Student: 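I am attaching a structure below and will ask some questions about it afterwards.
It should be emphasised that the depicted structure is a prediction, and the values quoted were computed from it without experimental measurement.
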Amino acid sequence: MGELLNVADIFGEDVFNDTVMQERLPKKVYKDLKKTIEEGKELELATADVIAHEMKEWAIEKGATHYTHWFQPLTGVTAEKHDSFISAPMGNGKVLMSFSGKELIKGEPDASSFPSGGLRATFEARGYTAWDCTSPAFVRHDAAGATLCIPTAFCSYTGEALDQKTPLLRSMEAVNAQSLRLIRLFGNTTSKKVTPSVGPEQEYFLVDAAKFQQRKDLIYTGRTLFGAMPPKGQELDDHYFGTIRQRIAGFMKDVNEQLWRVGVTSKTQHNEVAPAQHELAPIYAEANVAVDHNHLVMQTLKRVACQHGMKCLLHEKPFAGVNGSGKHNNWSLTTDDGKNLLDPGKTPHENIQFLLVLTCVLKAVDEHADLLRESASDPGNDHRLGANEAPPAIISVFLGEQLEDVLEQLISTGEATHSLKGGKLETGVRTLPDLAKDATDRNRTSPFAFTGNKFEFRMVGSRDSIAGPNVVLNTIVAEAFAEACDVLESAEDFGLAVHDLIKKYATEHYRIVFNGNGYSDEWVEEAERRGLPNIRSMVEAIPALTTDKAVAMFEKFKVFTRTELESRAEIKFENYAKAINIEARTMIDMASKQFIPAVIKYTKELADTVIAVKEAGADAGVQAELLGEISGLLSKTKQALEELIRLTDQAAAMSEGEAQARFYHFDVVPAMEALRAPVDRLEMIVDKEAWPMPSYGDLMFEV
């Protein structure tokens, strides 16, 4: 046995957290920093200088040689530029190590090569990173040594947000302001702040690194573009929550240790439904910290997998025929003194504040279903949403029997007089205790499910930043709260007005509530009857960003300007087109250089066998029939390849933008599927030794 690990001893040891700051900073400096964190007060440069000096000294003690402003440009991943602490050489041949308040607060990277959607021209290169002091700095240890990472926002020279963090922080301010308005109406005068709390569950696949390197599709696109199903998939459900294999357990142990050291509360780990699929879930954190932590989780999973001779696949659909990966975004609103606005209590029908919050959320989700759907759109998620494994592309809300019953009472009679109770779950075994049963079951098919004291937005893609979905959630709920407060603040009889408003919102937005099977064809028809949008793909979702309704809301709460929204839509169309172009060209490369030559070589061997068997005077019918079948599929492969080349070239020649993205989706993607079909059939009949790469079975079952 190795050295025993005490989690409490190592947790947060590489984080410049509140405890470290209290120990190392002068009292006044610590007080000023806390004011900045809690009240948004500007930090004076002299104060920042002291913080920077202590942060540098602490980081050097941890072995750090460099610092970086760690930010989230619109690439979907994080970015960083490393500077060493070395400043001017001293006269005695030694070197001075320094880090100033100015360097802590503001960095100046080149912004020209990051996506900006027309906000910045290439010759307008300047961008600024600004320290987000609400998310603590940390030291990361990797092959480069130790680096002090400072979480930052990223803006252009003219002030537009070029990143994910800036709008998230703006949306948090918006929902805080409107939540405080709402709880003040109910007599809460003590809470000073309301923060969205987020807990993102992270699903991922692990494959052997040597097998990964033999697949160009995995290397270039993160998913398999070809592949026939193995004899066994996930149909036995034996992988889900199954015993974790030793190789995977060793990986998970290292992941946890590294995450705990940088303050990420890695809590839950288990095998997921598909073979080689797993999940990691943290405890809740404030939204912006949760976003930073989730990026750390994804980076750590990838880095540690390599150290264990594996590759971590974060793509939403790395394998056809088995479940893909999502990221369940658990969201709630919590006051600084510990009150959860989404906690119904034991008698939700009597909890008027909760009922108003609940019906406001229903209103927000119903009115902005298109924005929520867009926030979870991603080229990989197009393969997952609506399949029999993930939420459908239709947004609906699962409330469960208890809350649905309360709403139905409100709608039909104008008041709710009772709440359904959970009762007892009788096991029928004398030695087992009878269990207290929740009043509500869970619904895995719902994209937006109430799960006790939070909402779980289940549509988010596994490799995506959770910043986008939380920006939308925060802002649409802020808008619903603001509209409710506008009515209630001017009401003569508050009790009557809040009662009427809850009934009004429940009645008008009840169509968004659905507790049934979201995977069924009947639900698609029912949703259409209800008038709910069914946005099937990313390219059809993106226009939601720039509708007049969306622009008006985001501008009202100062989360996005019209220009920022238009730039994001442009970037997303470009990213979609580029992603599909890379996939199509990878398929062309694999079919041309690997599959067709391998099959031609195999047909030559088969033809020689037919001739040899015939010359020996035996019946070569089976061999000849097989040769005919393979040759026919080879011909179909060649035709499909030529069509894909033609359409991909046509798409690439178009101007960047919505029309090009739509052409890739509606024309190139079907051509990719048409090429895949004969190749996958060939894989099932060509000798495995002749097939040029590892199969699905090799990848999923030999980890």
Student: So, Asp589 versus Gln594: side-chain donor-acceptor pair below 3.5 Å or not?
Tutor: no
Student: Is the shortest side-chain N to carboxylate O distance from Asp649 to Arg585 below 4.0 Å?
Tutor: yes
Student: I'd like to know if Arg384 and Asp382 make a salt bridge, using a cut-off of under 4.0 Å between side-chain N and carboxylate O.
Tutor: no
Student: Report yes or no: does Gln277 contribute a side-chain atom to a donor-acceptor pair with the main-chain N or O of Ala274 at less than 3.5 Å?
Tutor: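 Yes, because the side chain of Gln277 sits within donor-acceptor range (under 3.5 Å) of the backbone of Ala274.
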Student: Can you spot which of Asn294, Asp464, Asn470 makes a side-chain hydrogen bond (donor to acceptor under 3.5 Å, both in side chains) with Asn329?
Tutor: Asn470
Student: Could you tell me whether the side chains of Asn330 and Lys454 share a donor-acceptor contact shorter than 3.5 Å?
Tutor: yes
Student: Can you name the nearest heavy-atom pair linking Leu641 to Ala591, along with the distance?
Tutor: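 That would be CD1-CB, 4.0 Å.
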Student: Between the side chains of Gln72 and Lys165, is a donor N or O closer than 3.5 angstrom to an acceptor N or O?
Tutor: no
Student: Using a strict threshold of under 4.0 Å (side-chain N to carboxylate O), is an ion pair present between Asp366 and Arg511?
Tutor: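 Yes, this pair counts.
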Student: Would a distance-only check, ignoring hydrogens and angles, find a side-chain to backbone donor-acceptor pair under 3.5 Å from Glu203 to Gly326?
Tutor: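 It does hold such a pair.
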Student: Could you state the interatomic distance from NZ (Lys549) to CD (Glu367), rounded to the nearest 0.5 Å?
Tutor: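 Answer rounded to 0.5 Å: 6.5 Å.
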Student: Does a donor on one side chain and an acceptor on the other come within less than 3.5 Å for Glu540 and Ser537?
Tutor: yes
Student: Against Leu168, only a single residue in Asn474, Ile466, Asp163 fulfils side-chain contact (heavy atoms from CB on, under 4.5 Å); can you say which?
Tutor: Asn474
Student: Under 4.0 Å between a Lys/Arg side-chain N and an Asp/Glu carboxylate O for Glu173 and Lys558?
Tutor: no
Student: Ring centres under 6.0 Å, that's the criterion: do Phe457 and His328 meet it?
Tutor: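 Ring centroids of Phe457 and His328 are no less than 6.0 Å from each other.
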Student: For the ring pair Phe455 and Phe448, is the centre-to-centre distance below 6.0 Å?
Tutor: yes
